[in-house]
Amino acid sequence: MLLRHTPTEIKERKALTVNPAKTCQPIGAMYASLGIHGCLPHSHGSQGCYAYHRSALTRHFKEPVAAATSAFTEGASVFGGQANLLQSIDNIFTVYNPDVIAVHTTCLSETIGDDIPQIVAKARADGKAPAGKYIIHANTPSYVGSHVTGYSNMVKAMVDYFSTSTGAKTKAVNLIPGFVEPSDMAEIQRIAEVMGVPYIMFPDTSKVLNGPLTGKYKMFPDGGTTIEDLHMTGDSKGTIALGRTCTMAAARALDSKCKVPCEILDLPIGLQGTDEFVDKLRLMAGVNVPDVLNLERGQLVDCISDWHQYLYGKRVGVVGDPDQVLALTRFLVSLDMKPVHIVSGSPAGKKYVKALEEVVADIGEEVNIKVPGDMLLFHQWIKNDPVDLIIGNTYCKYIAKDEDIPFVRHGFPIYDRMGHSYFSTMGYRGAMRLMEQILGVLMDRQDRDATDITMELVM
Amino acid sequence: MSSIPILKSREAQIHTKGEKPFDMTCGKHSVAGSVSQRACVFCGSRVVLYPIADALHLIHGPIGCAAYTWDIRGALSSGPQLHRLSFSTDLRERDVIFGGEKKLEAALDELIDHYKPKAAFVYSTCIVGIIGDDVAAVCRKIEAKKGIPVLPVHSEGFKGTKKDGYKAACDALFKLVGKGSTEGVSPISINILGEFNIGGEAWLIKEYYERMGVQVVSVMTGDGRVDQIGKSHGAALNVVQCSGALTFLAEMMKEEYGTPYIRVSYIGIDDMAKSLYDVAARFPDNPEIMERTRKIVREEVEAILPELNEIRKDLEGKKAAIYVGGAFKAFSLIKALNYLGMKVVLVGSQTGNKEDYKTLQEMCDDGTIILDDANPLELSKYIIEKDADLFIGGVKERPIAFKMGIGFCDHNHERKIPLAGFRGMLAFAREVHTSVTSPVWQFCPARLGNKEK
């Protein structure tokens with residue numbers, strides 16, 4: 001019982017987070033930066049920050065993650081990090097030669113008060129940034145928001161630095177994915193492709209963090225949104241942003257900067273979530289939904305009908321990032337399941353909580369919701385009121401094991417299973433995969449607990 | 001991949017043995033803008049103290065530092081699992097403005113009441129150093145109130161390198177040493193220092209010493225307990241593993257309590273045997289200890305030798321690259337790999353000192369690349385150039401090796417089985433063998449091309 005220390009009695013904790021369901025802004029910014037082609041993320045802070053972010057991303061994706069650091073010393077934290085960043089810019093372009101450096105700050109450099117644009121301007125004036133090379137930045141103080149905020153800030157920075165309007169609109173639709181898997185980004189693109197919609201996705205970590213074995217180490221893998229495409233986002237006819245907490249800021253910025261109208265949707269997880277996405281994309285691009293998508297949709301509905309008796313009434317605990325939690329909860333409710341304990345580690349605002357409450361309003365049970373909450377509270381709820389299924393990141397495995405509850409891994413981080421970066425849980429097909437995972441663990445449990453008499457062959 | 005630019009300021013940290021006079025520049029702060037594989041002061045402190053399983057580990061700072069270090073190291077405990085939870089004051093913007101002392105005090109108050117730990121470590125992170133919270137004062141206050149040691153760890157990330165973090169951890173540990181009674185501590189006794197019980201290694205090592213008839217008073221910090229550390233000053237000898245992590249503590253204990261120390265390594269047959277013999281030699285009045293030691297070594301080696309010899313047949317002549325945290329580990333790995341018939345073509349470390357590199361240079365063949373604080377481009381360039389078959393490193397290096405189609409062995413946080421000790425040597429050999437001879441590499445076209453050339 002690894003979590004034997006978890007008390008059943010729930011006390012209000014003000015000063016303390018135990019077993020966090022979130023992490024800090026910079027890693028989100030780093031992940032988003034990796035979705036630009038030829039970009040080296042740069043952490044303006046101590047050496048530990050970026051080492052931890054790289055390790056965490058590597059554990060999750062099982063891929064090399066390159067990033068640089070300003071390597072703050074005691075001197076830098078007294079006199080400011082300008083000298084470090086100037087030297088970094090010089091060294092990075094000399095040695096690694098990326099097309100873009102995406103600088104994100106840390107709690108340290110934020111508190112010292114380094115002014116990144118001013119330092120970058122000085123680097124340019126000193127001739128340390130070659131022509132045709134870009135340096136973008138996002139402020140990502142670790143003590144504000146969480147990793148999803150950092151992602152959002154860096155995606156917005158892409159708009160601030162790159163999006164330009166030439167006055168001539170293209171037929172392309174901008175697709176802005178939230179902090180999701182490379183496989184999810186690829187699936188969203190596939191849907192746009194089968195619908196015949198020209199698109200620009202940013203950021204795009206597919207083929208960056210799920211690349212092939214080639215026999216070579218590439219610091220800058222093949223994938224990622226190109227600079228050219230990022231520039232052109234300002235001419236697109238519209239933007240569809242998927243997952244509010246991660247993408248709304250960028251979509252709105254693009255609207256006000258380049259007059260590109262936007263639709264901000266939930267993540268396309270499950271039937272309704274995907275329907276909404278496909279519908280908005282259809283309307284924005286002026287296309288029809290092709291047979292192939294109708295087929296996939298029909299297959300998903302068919303699967304739900306085939307298996308609904310195994311899903312009906314099952315009680316679920318969901319923990320994760322706000323956008324995922326909302327979309328997942330909605331899908332679970334549509335499957336006639338009952339999400340009864342819901343935690344987002346990240347703060348997400350009152351509107352968000354209200355949306356979540358509306359989704360579960362009619363499930364006929366009291367629902368625990370805590371935003372932001374942590375995994376200790378989540379575990380306490382489950383101890384007091386057990387569930388049939390847990391959905392969350394790898395850290396939920398402790399709870400699942402101690403309480404002997406079936407568990408589906410979803411979200412970030414997943415350190416202990418393969419699949420997430422290759423097989424999407426978005427779109428109609430992704431929904432089928434998610435169902436397969438959920439049904440798999442539920443029915444394995446039924447088989448495990450069956451007696452010789454009740455063991456069923458056909459399910 | 002043929003040529004990559006090497007920074008001028010990095011040139012003195014990369015050497016090819018035999019090319020020019022050897023003078024390694026090391027121990028310096030990483031160049032800003034580098035993609036170094038190193039970490040920070042906090043990381044150093046956290047890895048050293050983390051395995052103390054009945055202590056509370058509270059990380060004072062924004063959430064990240066606690067989130068990234070939550071149970072990522074397989075430092076096993078045979079009892080309490082408190083160290084595997086993640087506690088953070090989760091500092092927010094208003095705390096940064098108004099200070100985090102109150103929050104810290106409240107958190108400690110609550111945690112100590114609930115979990116009843118034997119001691120509490122409070123880690124300072126970067127931000128705490130900047131906003132100037134008086135962590136030591138809060139710790140003193142809580143210590144007086146709760147009656148357990150509450151120890152500040154001065155591990156602000158920017159205050160140096162990972163090594164400085166080891167030092168900060170040792171400073172905190174040293175405050176626990178001497179707190180307990182030495183009753184029941186035998187004159188024939190040791191402390192095992194710098195063994196973190198990753199994959200259960202400390203248990204293996206401890207068992208060897210106990211079979212020799214030597215009492216192990218404490219292991220610092222693998223499967224560590226506050227009370228054991230408290231009476232560790234009663235031991236006759238400190239046996240220190242790893243380049244730097246716990247040497248600071250050994251020095252402090254030598255000064256304060258007169259406890260002598262020796263440096264050992266438990267990796268590979270020769271070094272493992274030497275670690276036992278060196279300890280036995282410290283108790284010359286009890287010749288039976290040496291006798292038992294010989295017996296243990298003989299038995300243990302005999303038990304693993306047949307399979308090792310089989311493995312060696314497949315590995316003979318294969319080439320290995322090593323990039324590890326401490327250089328001391330690299331010495332042992334070179335010997336262990338040589339024992340398996342492998343040749344080391346590249347060796348580097350994150351924290352080696354001048355002497356370490358001199359030793360490395362003496363151990364290696366001509367043409368071996370030796371580097372300090374390397375980046376992935378340098379590592380991949382030389383590994384391809386030297387046509388290595390195996391890369392030994394940590395979490396960030398693993399996927400780099402695999403991308404190049406090269407076998408890998410994690411000799412860091414993520415080893416799952418003991419690689420130390422005699423049985424550990426066999427496990428190491430099996431792991432190396434499995435990875436180097438994996439059929440997957442035959443599907444890696446670039447690697448095949450390289451071989452055919």
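Naming convention: chains lettered A, B, ... in sequence-line order (proteins, then strands); numbering from 1 in each chain.
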>> Please determine whether side-chain contact (heavy atoms from CB on, under 4.5 Å) holds for the pair A:Tyr398 and B:Leu85, giving the CA-CA distance in whole Å, both sets of side-chain angles, and the decisive distance to 0.1 Å.
In response: CA-CA 10 Å; A:Tyr398 304 137; B:Leu85 305 184; over 6 Å; no
>> Applying side-chain contact (heavy atoms from CB on, under 4.5 Å) to A:Asp374 and B:Asp90, what does each step give before you reach the verdict?
In response: CA-CA 11 Å; A:Asp374 60 23; B:Asp90 195 358; over 6 Å; no
>> Determine whether A:Leu213 and B:Trp441 satisfy the following criterion, side-chain contact (heavy atoms from CB on, under 4.5 Å), listing intermediate values before the conclusion.
In response: CA-CA 10 Å; A:Leu213 191 158; B:Trp441 310 132; 4.1 Å; yes
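Around the NZ atom of A:Lys207, the shell of radius 6.0 Å holds no more than 12 heavy atoms that belong to other residues, nucleotides or ligands. For B:Lys103, the NZ atom is densely surrounded, since the number of other residues' heavy atoms within 6.0 Å is greater than 12. Heavy-atom contacts from other residues, nucleotides or ligands closer than 6.0 Å to NZ of A:Lys370 number 12 or fewer. Heavy-atom contacts from other residues, nucleotides or ligands closer than 6.0 Å to OH of A:Tyr422 number more than 12.
Proximity to chain B is limited to the backbone of A:Ala67, based on heavy atoms less than 4.5 angstrom apart. Looking at A:Pro141, neither its backbone nor its side chain comes within 4.5 Å of chain B, counting heavy atoms on both sides. Neither the backbone nor the side chain of B:Arg398 comes within contact range of chain A, judged by heavy atoms closer than 4.5 Å. For B:Glu110, the part lying under 4.5 angstrom from a heavy atom of chain A is the side chain only. Only the side chain of A:Ser46 comes within contact range of chain B, with at least one heavy atom under 4.5 Å from a heavy atom of that chain. Neither the backbone nor the side chain of B:Leu104 comes within less than 4.5 Å of any heavy atom in chain A. For B:Phe87, the parts lying under 4.5 angstrom from a heavy atom of chain A are both the backbone and the side chain. In this structure, chain A has a heavy atom under 4.5 Å from the side chain of B:Ile131, while its backbone stays farther away. Within the 4.5 angstrom heavy-atom criterion, no atom of A:Pro26 approaches chain B. For a residue to count as touching a neighbouring chain, one of its non-hydrogen atoms must lie under 4.5 Å from one of that chain's; by this rule A:His5 touches chain B with backbone and side chain alike. Heavy-atom distances place both the backbone and the side chain of A:Ser88 under 4.5 Å from chain B. If you measure heavy-atom distances from B:Val395 to chain A, the contacts under 4.5 Å come from both the backbone and the side chain. For B:Thr125, no part lies near chain A; criterion is any non-hydrogen pair under 4.5 Å.
Ranked by non-hydrogen atom pairs under 4.5 Å with chain B, the options A:Ser146, A:Ala71, A:Ala56 are led by A:Ala71. Most heavy-atom pairs under 4.5 Å with chain A: of the set B:Leu91, B:Val96, B:Thr89, this distinction falls to B:Val96. For the options B:Val440, B:Ile130, B:Leu379, heavy-atom pairs under 4.5 Å to chain A are most numerous at B:Ile130. Contact count against chain A (heavy-atom pairs under 4.5 Å) is highest for B:Ser88 among B:Gly61, B:Ala106, B:Ser88, B:Pro80. Your options are B:Cys40, B:Ser86, B:Pro62, and the one with the most heavy-atom pairs under 4.5 Å with chain A is B:Ser86. Ranked by non-hydrogen atom pairs under 4.5 Å with chain B, the options A:Thr69, A:Asn97, A:Thr73, A:Leu85 are led by A:Thr73. Heavy-atom pairs under 4.5 Å with chain B peak, among A:Phe61, A:Tyr52, A:Phe93, at A:Tyr52. When each of A:Val144, A:Asn84, A:Ile92 is scored by its heavy-atom pairs under 4.5 Å with chain B, the top score falls to A:Val144. In terms of heavy-atom pairs under 4.5 angstrom with chain A, the leader among B:Ile63, B:Ile383, B:Ile97, B:Val35 is B:Val35. In terms of non-hydrogen atom pairs under 4.5 Å with chain B, the most contact-rich of A:Lys11, A:Arg4, A:Arg13, A:Arg54 is A:Arg54. Considering only heavy-atom pairs separated by less than 4.5 Å from chain B, the leading option among A:Met219, A:Arg59, A:His42, A:His53 is A:Arg59.
At least one side-chain heavy atom of B:Leu377 sits under 4.5 Å from a side-chain heavy atom of A:Tyr217. A 4.5 Å side-chain heavy-atom check between A:Tyr143 and B:Asp95 finds every atom pair outside the cut-off. Side-chain contact between A:Val65 and B:Lys396: absent, with no pair of heavy atoms (C-beta onward) separated by less than 4.5 Å. Using a 4.5 Å heavy-atom cutoff, the side chains of A:Thr58 and B:Pro399 are in contact.
A donor-acceptor pair under 3.5 Å links the side-chain atoms of B:Lys403 to the main chain of A:Gly211, judged by distance alone. Side chain of A:Asn91 to backbone of B:Ala32: a donor-acceptor contact under 3.5 angstrom is found.
B:Tyr68 and A:Ser55 share no side-chain donor-acceptor pair at under 3.5 Å. Side-chain N/O atoms of B:Asp71 and A:Tyr395 include no donor and acceptor closer than 3.5 Å.
Closest non-hydrogen pair, B:Arg92 versus A:Pro347, comes out as NH2-CG, 4.0 Å. Scanning all heavy atoms of the two residues, the minimum distance from B:Ala107 to A:Ala15 falls at CB-O, 3.6 Å.
Considering OG1 of A:Thr6 and NE2 of B:His114, their distance stands at 7.0 Å, rounded to 0.5 Å. Distance CZ/B:Phe42 to CD/A:Gln47: 15.0 Å, rounded to 0.5 Å.
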